[in-house]
Amino acid sequence: MSASIRARKPIGVFDSGLGGLSIIREVRKILPRESIAYFGDLAHLPYGIKSTEQIRQFSLQNADFLVRLGVKLLVVACNSSSSAAFKWLQRRVPVPVVDVIQPVVREAAKVTRTGRIAVIGTSATIESGAYPRALLELNRRFQITVQPCPLFVPLVEEGWRHDRIAESVVKKYLIPVKNKRPDVLILGCTHYPLLKPMIRKVLGPGIRLLDAVKPATEEIKSTLIRLGLQTGQRGDGKMHIYLSDRPRNFIRVGEQFLGEKLTHVHQVHLS
Ligand code: DGL
């Protein structure tokens, strides 16, 4: 296939559910001509409490589906998948792969003044040790605090982001983190950017909150440029959403993540 035909193919993005749409929102802003095929593995949600083996198996199924659709680049928009399966997937799929951990880790290393960096994520992400590994590869002197926050995803999905329940849950997880005096906190999960106002309220102004949305989108853009895969098409790119189970509250919550109406939504069965 010629490079210009390949460049017209969509970018493939997958997540366990809808959180990865926050990355799509930024991609649509920065790369409006690119078409997107998004796969949300609702049938196997949540990934954040599953084993590495399970997450790898699901991630490979998702990647295979998108590769069969003909995507030119694969984005692992889920932190739990990125931590369990990024390098493993790179060896198994025939297209370039971008994850959500490496880009934000590089950003954290750039902006920290004290070298004290905290990371929050799902249990799977934190237990994998992927963030400390990636951070320490950049600087062995970083002091890293990690904290799983398993109740954050259901809070966001219930829409309880601004009330007293959210505040006490955020306090319970993050006051011990604050006591370690980090100057950067990495929000290592697709859903956590939606809790930013509450996290900011609990932690106060002194800690910089970083999430993957902007760094990962920059990484997608620079990878496309580096490989000559930017689309030459005129006009806005299309977006198709594929889900492995019925949408339930996907549309309502998904539109909050995406900031636009969800239109082409298809339910598919992977076997
Ligand atoms: N997408 C997941 C992540 O970023 C959160 C939801 C889940 O546990 O599946 O880790």
Side-chain angles (χ1 to χ4, degrees), residues 16 19 22-23 46-52 55 77-84 86 99-216 257:
S16 53
S22 54
I23 299 212
Y47 283 10
I49 52 168
K50 301 221 160 63
S51 67
T52 301
I55 297 172
C78 174
N79 284 263
S80 302
S81 286
S82 293
S83 58
F86 169 52
D99 79 329
V100 285
I101 294 182
Q102 310 302 320
V104 74
V105 157
R106 284 198 291 272
E107 180 72 10
K110 226 189 288 167
V111 301
T112 183
R113 297 270 169 264
T114 62
R116 288 192 298 276
I117 299 173
V119 184
I120 56 175
T122 64
S123 302
T125 295
I126 297 305
E127 280 162 20
S128 76
Y131 275 97
R133 249 193 325 275
L135 284 161
L136 291 173
E137 258 170 40
L138 295 180
N139 187 335
R140 296 212 59 78
R141 287 206 290 268
F142 284 155
Q143 288 172 268
I144 300 156
T145 302
V146 294
Q147 173 66 53
C149 304
L151 291 179
F152 281 8
V153 169
L155 274 180
V156 169
E157 299 213 341
E158 283 295 319
W160 297 352
R161 293 187 278 140
H162 305 288
D163 62 14
R164 301 243 302 273
I165 299 174
E167 184 164 355
S168 27
V169 174
V170 171
K171 277 188 175 150
K172 179 95 183 166
Y173 288 133
L174 296 191
I175 294 299
V177 173
K178 185 179 180 183
N179 291 339
K180 301 277 183 170
R181 298 189 301 113
D183 69 343
V184 171
L185 173 68
I186 298 179
L187 310 184
C189 174
T190 49
H191 287 53
Y192 298 0
L194 272 78
L195 279 171
K196 246 186 200 170
M198 186 56 82
I199 295 175
R200 168 64 59 226
K201 181 172 169 196
V202 168
L203 294 183
I207 302 176
R208 190 147 168 180
L209 307 183
L210 289 187
D211 65 65
V213 170
K214 284 203 162 76
F257 277 88

Between CD of Glu137 and CD of Gln102, what distance do you get to the nearest 0.5 Å?
7.5 Å

Ignoring hydrogens, what is the shortest heavy-atom contact between Lys50 and Pro46? Give both atom names and the distance.
NZ-O, 2.7 Å

Exam field: side chain Thr112 to backbone Ala109, donor-acceptor pair closer than 3.5 Å
no

Give the minimum heavy-atom separation between Arg106 and Leu138, together with the two atoms involved.
CA-CD1, 4.0 Å

For Lys178, which residues count as a side-chain contact (heavy atoms from CB on, under 4.5 Å) partner, sequence neighbours excluded?
Leu203, Ile207

So that I can tick it off, tell me whether Glu167 and Arg164 are bridged by a salt bridge, with the cut-off set at under 4.0 angstrom between side-chain N and carboxylate O.
no

Is the CZ atom of Arg116 crowded by more than 12 outside heavy atoms at less than 6.0 Å?
yes

What pairs with Lys214 under salt bridge (Lys or Arg N to Asp or Glu O under 4.0 Å), at least two apart in sequence or on another chain?
none

Near Arg200 CZ, under 6.0 Å, is it more than 12 heavy atoms from other residues, nucleotides or ligands?
yes

Show me the donor-acceptor pairs within less than 3.5 Å that the side chains of residues 145-161 make with the rest of the protein, sequence neighbours left out.
{"from": "Glu157", "atom 1": "OE2", "to": "His191", "atom 2": "NE2", "distance (Å)": "2.7"}
{"from": "Arg161", "atom 1": "NH1", "to": "Leu194", "atom 2": "O", "distance (Å)": "3.3"}
{"from": "Arg161", "atom 1": "NH2", "to": "Gln256", "atom 2": "OE1", "distance (Å)": "3.3"}

Neighbour count >12 (heavy atoms, 6.0 Å) for atom NZ, Lys172:
no

Return the CG to CZ distance between Leu135 and Phe142, rounded to the nearest 0.5 Å.
6.5 Å

Between the side chain of Lys180 and the main-chain N/O of Pro176, is any donor-acceptor distance below 3.5 Å?
no

For Phe86, is there any backbone N or O sitting under 3.5 Å from a side-chain donor or acceptor partner on Asp99?
no

Only one of Ile120, Asp211, Leu209 passes side-chain contact (heavy atoms from CB on, under 4.5 Å) with Tyr192; say which it is.
Ile120

Give, for atom NE2 of His162 and atom CG of Leu195, the distance between the pair rounded to the nearest 0.5 Å.
8.5 Å

Donor-acceptor pair, distance only, cut-off 3.5 Å: does the side chain of Tyr131 make one with the backbone of Val105?
no

Is there a side-chain contact between Cys189 and Thr125, using heavy atoms and a 4.5 Å cut-off?
no

For the residue pair Asn79 and Thr190, establish whether any side-chain heavy-atom pair is separated by less than 4.5 Å.
yes

Nearest 0.5 angstrom please: Met198 CE to Leu174 CG, how far?
11.5 Å

Search all heavy atoms of Ala108 against all heavy atoms of Ile186 and return the closest pair with its distance.
CB-CD1, 3.7 Å

Under a 3.5 Å threshold, yes or no: a donor from one side chain and an acceptor from the other, between Asp183 and Thr114?
yes

